[in-house]
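Atoms within each ligand, like the ligands themselves, are counted from 1 in listed order. Both backbone and side-chain heavy atoms feed into the values below; hydrogens, waters and symmetry mates do not.
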Amino acid sequence: MTTDTLLNDTLAAWDRDNLLHPTTHTSNHANGTTPGRIITGGKGVYVSDRDGNQFLDAFAALYCVNVGYGRTEVADAISEQAQKLSYFHAFAGHGNEPAIKLAKMVMDRAPDHMARVYFGLSGSDANETNVKLAWHYNILRGKPEKRKIISRWRAYHGSGLVSGSMTGLAAYHARFHLPLDGFLHTHCPHYLRRPDRDMTEAQHLDFLITELEAMIMDEGPETICAFIGEPAMGTGGLMPPPDGYWARVQEVLDRHDILLIADEVVTGFGRTGSMFGSQHYGLRPDFMTIAKGLTSAYAPLSGSIISQRVFDVLMQGSEDFGALAHGWTYSAHPLGAAAGIATLDLVDNLSLLENARDNGAYLQQALKDAVGDHPNVAEVRGVGLMVAVEFMKDPAAHEWFAPMTVGPQISEAMTRLGVIARAMPEGNIVGFAPPLSITRDEIDIVAKALRAATHEVLS
Ligand code: PMP
């Protein structure tokens, strides 16, 4: 045995014996039978593990390493900031240079009616902040009973108590006492998942809007605070919205004085080909949740962007009641902010929005060419560089495979071929969301691996 093999075995044993992993089968991991790997390096769209294997990461880890791995511009920015000032808090009006500069960069890119950004650490905590601020807004307006939140099934908004309640995936609720009271879900806005097979696309859209309006009327509009949605759904299966969906949702919300929270954790900073999904689909949110692409995950940082009309009420509230009693120790952390500045500069300098648009279309076409004619492929869909292939037992008869069977098998077969694509939860959906810097040659490698894996699993 080489020293390296010994070290690998030791690390693997320490991992099994000490670390409780997120979203991992606890006993399988403790017994050493999860397919997990110890990843040690990354460059461009590739990552490598301790055994010397290389993988083309077609999911940018968790669709977050948008500028690609190994960018010295970002690493150097973090290092320089750590040496200059590693941390000071942002409470009681204290500031630090990178957080202030990054706030300016974020607000320059956000829609014009947005007024301020509050920095947190993760998408989950930014969504908790947005809900608290939405509640606070209505309390300050003398409407404390206006507090229910409407989300959608198959949404993903995090795994905290509030963010997990807004998530619409059963596994995130079961055995956790979730969702909490006052968190409601409407149908998933994806035509393939229409409740009645005979519905046309137009009837399906009417159904979604009628259902939302009926839920609001049943609960009482005076009890509904906000509607939250990913402009294009991510973890639930990379599903772009039906045409015209957001304009009609927005109209219903406006009529009932309901706030819109656009969860841009995945769609923010270029993944759809636009800076934000809200701009791509014409949403007018009161809150935007940002994370992932903000720093390309070089350091944890998230944000809650709030609209002018919410900010105006917060201003008045502070005149009446004093300081905003909401803050994390690490809010506006200078190392995350330094990573954010360098990342957003790279998004501009490398023309990553254009790349997401052009190579996103190329990726979708390449995947269609690779597997579009396979009898079990129900759909190849997406927007920008977020694309999914969904498998069904019999698409024409609308017959599904049992959840998490074929999808994970194809994803695992792809990994054996050296390409990482993600099996999305509670379905048979293989997701692709590579770094926004991916090239066409690299996309061709991904498409070839998908074709081989599909034919291996579904021969
Ligand atoms: N919102 C969306 C749309 C997400 O995709 C995620 C994470 N995948 C989150 C929120 C939660 O972010 P985090 O995991 O950083 O808490």
Side-chain angles (χ1 to χ4, degrees), residues 21-24 57 59-66 118-132 149 151-169 171-173 176 178-179 183 185 188-190 226-241 246 260-272 276-278 280-281 283 285 287-305 328 330-331 333 336 339-340 343 382-388 422-427 429 431-433:
H21 286 250
T23 320
T24 296
D57 181 7
F59 211 81
L62 292 172
Y63 28 32
C64 50
V65 188
N66 287 5
Y118 177 95
F119 287 123
L121 273 300
S122 68
S124 300
D125 74 54
N127 272 329
E128 309 266 332
T129 294
N130 280 336
V131 170
K132 279 184 74 182
I149 309 284
S151 176
R152 286 108 37 104
W153 291 115
R154 295 196 80 82
Y156 192 83
H157 298 297
S159 50
L161 295 179
V162 160
S163 57
S165 293
M166 299 191 295
T167 286
L169 294 165
Y172 288 81
H173 292 167
F176 291 113
L178 294 182
F183 290 86
H185 296 83
C188 168
H190 181 211
F227 179 90
I228 184 165
E230 302 147 86
M233 292 179 97
T235 303
L238 301 128
M239 295 167 280
W246 279 116
L260 173 61
I261 305 174
D263 185 337
E264 298 263 9
V265 166
V266 170
T267 49
F269 305 105
R271 185 149 295 281
T272 63
F276 291 105
S278 292
H280 197 89
Y281 293 111
L283 282 69
F287 296 88
M288 292 163 74
T289 318
I290 53 173
K292 298 191 189 274
L294 175 61
T295 61
S296 277
Y298 277 75
L301 193 79
S302 65
S304 306
I305 309 178
W328 324 121
Y330 297 140
S331 293
H333 198 290
T343 295
V383 54
L385 277 169
M386 50 192 293
V387 179
R422 182 169 176 210
M424 311 309 291
E426 299 182 12
I429 304 166
F432 300 83

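- Among protein heavy atoms, the minimum distance from atom 2 (C) of ligand 1 is reached at Y156 O, 3.3 Å.
- Where the criterion is an N or O separation shorter than 3.5 Å, residue side chain and backbone included, K292 meets it with respect to ligand 1.
- Scanning both residues, W328 and G120, for their nearest heavy atoms gives CD1-CA, 3.8 Å.
- A donor atom on one side chain and an acceptor atom on the other are found under 3.5 Å apart for S278 and E264.
- If you check which protein heavy atom lies closest to atom 16 (O) of ligand 1, you get S124 OG, 2.5 Å.
- Only side-chain heavy atoms of E230 come within less than 4.0 Å of ligand 1; its backbone N, CA, C and O stay farther off.
- Here the closest non-hydrogen pair linking F59 and G431 is CD1-O, 3.3 Å.
- The protein heavy-atom contact nearest to atom 12 (O) of ligand 1 is G123 CA, 3.2 Å.
- Ring planes of H185 and H173: tilted class, angle from 30 to 60°.
- When each of T289, D263, T167 is tested with H157 by the rule side-chain hydrogen bond (donor to acceptor under 3.5 Å, both in side chains), just one qualifies, namely D263.
- Looking from atom 1 (N) of ligand 1 to the surrounding protein, the closest heavy atom is D263 OD2, 2.7 Å.
- Given atom 5 (O) of ligand 1, the protein heavy atom at minimum distance is V266 CG2, 3.3 Å.
- Checking side-chain atoms of S151 against main-chain N and O of M166 turns up a donor-acceptor pair under 3.5 Å.
- Residue H157 places no N or O, backbone or side chain, under 3.5 Å from any N or O of ligand 1.
- In the vicinity of S122, heavy-atom distances shorter than 4.0 Å reach the ligand 1 atoms 15 (O), 16 (O).
- Backbone and side-chain nitrogen or oxygen atoms of A291 are examined, and none is located within less than 3.5 angstrom of a nitrogen or oxygen of ligand 1.
- What you find for S122 and S302 is that their closest heavy atoms are O-OG, 2.9 Å.
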